[in-house]
Amino acid sequence: MTDRQPDGQILALSWRDTPERYGLITRALHWGMAGVFAWQFLGMILRNLLGRGPVAGFFVGTHTALGTVLLVLVLLRGAWGLYNRPRRPPQEGGWLGRAAVAGHLALYGLMLLVPSLALLRAYGSGRAFAPFGVPLFSGFPGGPIGWMTAPATAAHGLLAWVLLALIAGHIAMALAHRLIWRDAVLQRMAGPAR
Ligand code: HEM
Ligand code: HEM
């Protein structure tokens, strides 16, 4: 992908991150996953508001399979982030920069924990599980294993809502950068290659 500079120079938006902006792979993972998260939360909000009818069912029917895909994607994204770390756009100094780093780490922590607990419960239930037809667990006789199912039953939903609150704060900060401080933080994830 390319972008034309005001002086006519063509600048490539590279696959890898650079200190000026996030590259194509990081952006694809960020925005693609944001879309799938929106689907997951919208489905659960509709289920809680409307009950288990056909509208919520349309979204929630893919919840466990897409949640599993999100876990795979966050592992890839974390590895890609570590590989690109030395060349990523730097955070500003001071408490705001440290808060941004802490916020991103908390997002990663919950993006890992929320589906991991649910998959541990799916395994421990003893039932077969085949997201999008891919046989992941074949199931076993003897019923659920309590220590595997209990953590998700206690905390999967709760932690998912905490993640949604954190995402709302994250979006608010991205908008504050754009509308209040008028700096280029949003552009380095969303804007053109300049
Ligand atoms: C990062 C991915 C995921 C997100 C953001 C997410 C989010 C949520 C949310 C918001 C709820 C509703 C909780 C409530 O109404 O109190 C929920 C429930 C549920 N999720 Fe997920 N989920 C994810 C992954 C998974 C996976 C991978 C599975 C199964 C393999 C799963 C299975 C369930 C089940 C069975 C429920 C209903 C029971 C409960 O609330 O624990 N989820 N999820
Ligand atoms: C409208 C929605 C969103 C907007 C406008 C937005 C905006 C941004 C921006 C501007 C950055 C770069 C920040 C910087 O360089 O300091 C960023 C990075 C990041 N965002 Fe978002 N974001 C959105 C949705 C999400 C969602 C849904 C998640 C997670 C569930 C998320 C997780 C992250 C993480 C972990 C980073 C750090 C870079 C990385 O490792 O990908 N964002 N976001």
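Numbering of ligands and ligand atoms starts at 1, following listing order. Atoms considered below: every heavy atom in the structure, side chains included; atoms not considered: hydrogens, waters and symmetry mates.
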Which ligand 1 atoms are under 4.0 Å away from a heavy-atom of [X]?
| X | answer |
| --- | --- |
| R47 | 15 (O), 37 (C) |
| L70 | 1 (C), 2 (C) |
| F129 | 30 (C) |

Show every donor-acceptor pair shorter than 3.5 Å between a side-chain atom in residues 91-117 and any protein atom, with sequence neighbours excluded, or say none if there are none.
{"unit_1": "Y108", "atom_1": "OH", "unit_2": "R77", "atom_2": "NE", "d": "3.4"}
{"unit_1": "S116", "atom_1": "OG", "unit_2": "L112", "atom_2": "O", "d": "2.5"}

Which residue and atom name correspond to the protein heavy atom nearest [atom], and how close is it?
| atom | answer |
| --- | --- |
| atom 16 (O) of ligand 1 | W161 NE1, 3.4 Å |
| atom 37 (C) of ligand 2 | H104 ND1, 3.5 Å |
| atom 38 (C) of ligand 2 | R88 NH1, 3.8 Å |
| atom 15 (O) of ligand 1 | N48 ND2, 3.0 Å |
| atom 34 (C) of ligand 1 | R121 NH2, 3.3 Å |

Check your understanding: Once the angle between the rings of W39 and F59 is folded into 0 to 90°, is it parallel (under 30°), tilted (30 to 60°) or perpendicular (over 60°)?
Key -> tilted
Any [X] side-chain heavy atom under 4.5 Å of [Y] side chain:
| X | Y | answer |
| --- | --- | --- |
| L186 | H177 | no |
| L119 | F137 | yes |
| V162 | L166 | no |
| W161 | I45 | yes |
| P131 | L136 | yes |
| F132 | V69 | yes |

Study note, to complete from the structure: Looking only at non-hydrogen atoms, the one of W31, Y22, F41 nearest atom 3 (C) of ligand 2 is W31
Check your understanding: Hey, is R27 touching ligand 2 through its side chain, its backbone, both or neither, going by heavy atoms under 4.0 Å?
Key -> neither
Check your understanding: Is it the side chain, the backbone, both or neither of H177 that has a heavy atom closer than 4.0 Å to ligand 2?
Key -> neither
Counting only N and O atoms by type, is there a donor-acceptor contact under 3.5 Å from the side chain of [X] to the main-chain atoms of [Y]?
| X | Y | value |
| --- | --- | --- |
| W15 | I25 | no |
| R21 | Q187 | no |
| T26 | G23 | no |

Check your understanding: At the 4.0 Å heavy-atom cut-off, does R77 count as touching ligand 2?
Key -> yes
Check your understanding: Any non-hydrogen atom of M33 lying under 4.0 Å from ligand 2?
Key -> no
Review point. Would you find more than 12 non-hydrogen atoms of other residues, nucleotides or ligands less than 6.0 Å from Y83 atom OH?
Key: no
Check your understanding: Is the number of heavy atoms from other residues, nucleotides or ligands within 6.0 Å of CZ (R87) greater than 12?
Key -> yes
[X] [atom1] to [Y] [atom2] distance, which is reported to the nearest 0.5 Å:
| X | Y | atom1 | atom2 | result |
| --- | --- | --- | --- | --- |
| S14 | Y22 | OG | OH | 13.5 Å |
| T68 | L73 | OG1 | CG | 11.0 Å |
| Q40 | F37 | CD | CZ | 8.0 Å |

Number the atoms of ligand 2 from 1 as they appear, then name those within less than 4.0 Å of a heavy atom of [X], with their elements.
| X | value |
| --- | --- |
| M111 | 29 (C), 30 (C) |
| F37 | 30 (C) |
| R188 | 14 (C), 15 (O), 16 (O) |
| Q91 | 14 (C), 15 (O), 16 (O) |

**Study point:** hydrophobic_cluster_shared for L29 and L24, side chain cutoff 4.5 Å
**Key:** yes
Review point. When only distance counts, is Y108 in polar contact with ligand 2, meaning an N/O pair under 3.5 Å?
Key: yes
Review point. Sorted by chain and residue number, which protein N/O/S atoms are under 2.8 Å from atom 21 (Fe) of ligand 2?
Key: H30 NE2, H170 NE2
Practice item. For residues 172-191, pull every pair meeting salt bridge (Lys or Arg N to Asp or Glu O under 4.0 Å), keeping only residues two or more places apart or in separate chains. Key: none
Review point. Around atom 21 (Fe) of ligand 1, what protein N, O or S atoms are found below 2.8 Å?
Key: H63 NE2, H156 NE2
